[in-house]
Amino acid sequence: MSLSLCFIYQTSSFYHPSHRMTHWFHRNPLKATAPVSFNFYGVAGSPSANKICNDLRTSRARLLEMFTDTTCDPEIMKNATDTYFSLLQGFIASLDGTKQENKLRFMQNFKWTDTLQGNTPSAQQDAVFELVSMAFNVAIWHAKFASRLAGKENITEVEAKDVHRSLKFAAGIFKHLKEVHIPRLITPAEKGRDLDPRVMDTYMVQCKAEAQEVTIARAIELKHNATLIAALAFETANFYQKADHTLNTLEPECSSKWRNYLQLKQHFYMAYAYCYHGQTLLASDKCGESIKSLQEAEKCYSRAEALCKEYRQTKGPGSTAKPSEQLFFTTLGGLIKNTLQKCERENGFIYFHKVPAEVPQLELKASYGLAEPISFEFPAVSEQCTPEVYTTFDLTKGAKAEKAKPKQEEEVKPMKEPDLKPQKDTGCVIS
């Protein structure tokens, strides 16, 4: 492996600073939640117990503020999440030395909306439901942070690496929640809601695919082997296809826009795969097959352009990406056209190969550059939540203040997410 290729994979691949990707990624809205007071008057029978409840309320409120604060970065987010989750674990983990369920787990009711279902929330009286719902939002935040950072003008190499890392970290959160914590819920996830395994899988695969897009852009920028680029593009297209197929049993009104995005990305990267595979075939003196591969690249690219229009016109949750306006998108069209013309000229002067009727098979497997989710685990139980303090919570007293409160409204107000104004695209040339 060349030294520069080692550099790609050892440092986590990233966009070149001139690659600006404003409105390149589709993002669904953050989950919204009803306020939670944690006022366990009577139940919290000691100053230490009351302090845990107060700290839960304030740390939860602060974490929710961080989701919409444009100055928040991954380190600030980690500090906020660790503080809240370590306290919340005191309502979930066994603290009495037995394997019995934590007696505080089902004390508090939590309401959360879903990213695809508008403002009507799901509610469960279960601290595990709160844990997975809040962590889900943390993953969404990391994906949004990556998108926002990728759209910066004059992005630095450090920031570009953060784009790659944030997407893999988000994928790791989705993976961990699906495999470890969602199965612990007493009430199963409702179909089409965020905790539905199909929705979880789609988010995870999308984040992996988007992380691989960073690798592809870097490999193209450094003019790496066409076989490697074709294989990475093919793997990425397959990820997008898998994500799209995972959503095909959801209601169209909440999934159509998202699916259009996944489909346009699939066809875009299939176009890349056929384009670079065509270059590989030409280098192997298979000019006829090269022409056929590039003709297929043209078809895939045209389909991606059509899907961009469909995507913009489709109503549904989330921000509207504008991939067809990006130079990373438009440059591919020119690359396919120029490479095809070159192959046709070479065939007319040198090879005189017959162009086959069948499209060459893309039996490509990338050996390097595949994005894997970064492993995620929740923090340990807070030092405040000791067995001694746990015994001072007395469930027989009842949470009087909570019961006396009137019912909250049916809908939960959506998060006030910051509007991201598009900046001038300086672009870059990919050759």
Side-chain angles (χ1 to χ4, degrees), residues 12 25-33 63 66-67 74 77-78 80-82 84-85 88 112-117 122 124 128-150 162-185 188-214 235-236 238-250 254-255 258-259 261-262 265 317-319 370-379 415:
S12 297
F25 301 116
H26 172 88
R27 290 293 176 260
N28 290 324
L30 286 161
K31 295 167 72 68
T33 181
L63 177 51
M66 291 300 99
F67 289 139
M77 179 57 67
K78 185 179 189 313
T81 55
D82 282 357
Y84 180 59
F85 288 144
L88 188 63
W112 282 92
T113 63
D114 294 88
T115 56
L116 302 177
Q117 303 284 350
S122 299
Q124 289 194 35
V128 172
F129 177 68
E130 167 73 358
L131 186 79
V132 296
S133 298
M134 188 69 83
F136 188 103
N137 243 18
V138 173
I140 293 288
W141 179 88
H142 276 279
K144 286 176 179 279
F145 174 79
S147 178
R148 188 164 65 246
L149 201 56
D162 285 342
V163 173
H164 192 249
R165 178 177 173 78
S166 287
L167 289 167
K168 294 197 298 178
F169 191 69
I173 295 174
F174 289 126
K175 184 174 187 290
H176 182 69
L177 294 179
K178 185 199 170 205
E179 293 177 355
V180 179
H181 295 281
I182 290 175
R184 298 175 65 191
L185 290 170
E190 298 174 55
K191 290 182 179 180
R193 297 282 184 175
D194 286 340
L195 306 186
D196 181 330
R198 296 170 297 177
V199 178
M200 295 292 293
D201 277 339
T202 303
Y203 274 116
M204 180 181 69
V205 174
Q206 178 181 335
C207 286
K208 288 171 64 176
E210 289 175 348
Q212 280 185 199
E213 290 190 59
V214 181
E235 298 268 17
T236 303
N238 286 340
F239 270 150
Y240 278 117
Q241 183 181 51
K242 179 182 177 182
D244 172 50
H245 287 178
T246 305
L247 288 180
N248 65 9
T249 52
L250 293 188
C254 64
S255 64
W258 196 8
R259 289 193 66 193
Y261 167 77
L262 298 170
K265 283 292 187 77
S319 61
L370 296 177
E372 288 299 326
I374 293 174
S375 180
F376 172 81
E377 287 187 2
F378 286 104
M415 288 266 191

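Numbers here simply count residues along the sequence, with the first being 1. These values consider heavy atoms only, across backbone and side chains, with no hydrogens, waters or symmetry-generated copies. In this text the structure is predicted, and so the values were computed from the model without any measurement.
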Quiz item: Looking only at side chains, do Tyr240 and Gln212 share a donor and an acceptor under 3.5 Å apart?
Solution: no
Sequence-distant partners of [X], ring-ring contact (aromatic ring centres under 6.0 Å, His included), two or more places apart:
{"X": "Phe67", "value": "none"}
{"X": "Tyr203", "value": "Phe136, Phe174, Trp258"}
{"X": "Phe376", "value": "Phe169, His176, Phe378"}

Checking [X] now: which residues fulfil side chain to side chain donor-acceptor pair (under 3.5 Å) with it, not counting sequence neighbours?
{"X": "Thr249", "result": "Arg198"}
{"X": "His26", "result": "Asn28, Tyr311"}
{"X": "Asp194", "result": "Lys31, Thr115"}

Set of side-chain contact (heavy atoms from CB on, under 4.5 Å) partners for [X], sequence neighbours left out:
{"X": "Ser122", "value": "Asp114, Phe129, Glu190, Arg193"}
{"X": "Asp244", "value": "Arg259, Leu262, Gln263"}
{"X": "Pro379", "value": "Asp82, Phe85, Ser86"}

Could you tell me which non-hydrogen atom of [X] sits nearest to which non-hydrogen atom of [Y], and how far apart they are?
{"X": "Arg27", "Y": "Ser147", "result": "NE-CB, 3.9 Å"}
{"X": "Cys207", "Y": "Leu167", "result": "CB-O, 3.4 Å"}
{"X": "Leu250", "Y": "Gly192", "result": "CD2-CA, 3.7 Å"}
{"X": "Trp141", "Y": "Pro74", "result": "CH2-N, 3.6 Å"}
{"X": "Ala170", "Y": "Ala143", "result": "CB-N, 4.3 Å"}
{"X": "Cys254", "Y": "Pro317", "result": "O-CD, 3.8 Å"}

Quiz prompt | side-chain hydrogen bond (donor to acceptor under 3.5 Å, both in side chains) evaluation trace for Gln124 with Trp112 | solution = CA-CA 9 Å; Gln124 289 194 35; Trp112 282 92; over 6 Å; no
Self-check item: For Phe25, the option from Lys265, Lys144, Gln206 that meets side-chain contact (heavy atoms from CB on, under 4.5 Å)
Solution: Lys265
Self-check item: side-chain contact (heavy atoms from CB on, under 4.5 Å), paired with Val132, selected from Val180, Asn137, Leu195
Solution: Leu195
Quiz item: Is the shortest distance from a Lys or Arg side-chain nitrogen in Glu213 or Lys208 to a carboxylate oxygen in the other one below 4.0 Å?
Solution: no
Exercise. Please answer whether the main-chain N or O of Lys78 pairs with a side-chain N or O of Thr81 as donor and acceptor at a distance below 3.5 Å.
Key: yes
Practice problem: Spell out, as yes or no, whether a donor-acceptor pair under 3.5 Å connects the side chain of Asn248 to the backbone of His245. | Solution: yes
How far does [atom1] of [X] sit from [atom2] of [Y], to the nearest 0.5 angstrom?
{"X": "Thr246", "Y": "Met200", "atom1": "OG1", "atom2": "CE", "answer": "13.0 Å"}
{"X": "Lys168", "Y": "Ser375", "atom1": "NZ", "atom2": "OG", "answer": "12.0 Å"}
{"X": "Leu88", "Y": "Glu130", "atom1": "CG", "atom2": "CD", "answer": "6.0 Å"}
{"X": "Thr202", "Y": "Leu247", "atom1": "OG1", "atom2": "CG", "answer": "3.5 Å"}

Quick one: salt bridge (charged side-chain N to carboxylate O under 4.0 Å, His left out) partners of [X], sequence neighbours excluded?
{"X": "Asp162", "result": "none"}
{"X": "Lys191", "result": "none"}
{"X": "Lys175", "result": "Glu179"}

Quiz item: Going through the checks in order, is the side chain to side chain contact (heavy atoms under 4.5 Å, CB included) test met by Thr113 and Thr33?
Solution: CA-CA 6 Å; Thr113 63; Thr33 181; over 6 Å; no
Quiz item: side chain to side chain contact (heavy atoms under 4.5 Å, CB included) between Met134 and Leu63: does it pass, once the steps are laid out?
Solution: CA-CA 9 Å; Met134 188 69 83; Leu63 177 51; 3.6 Å; yes
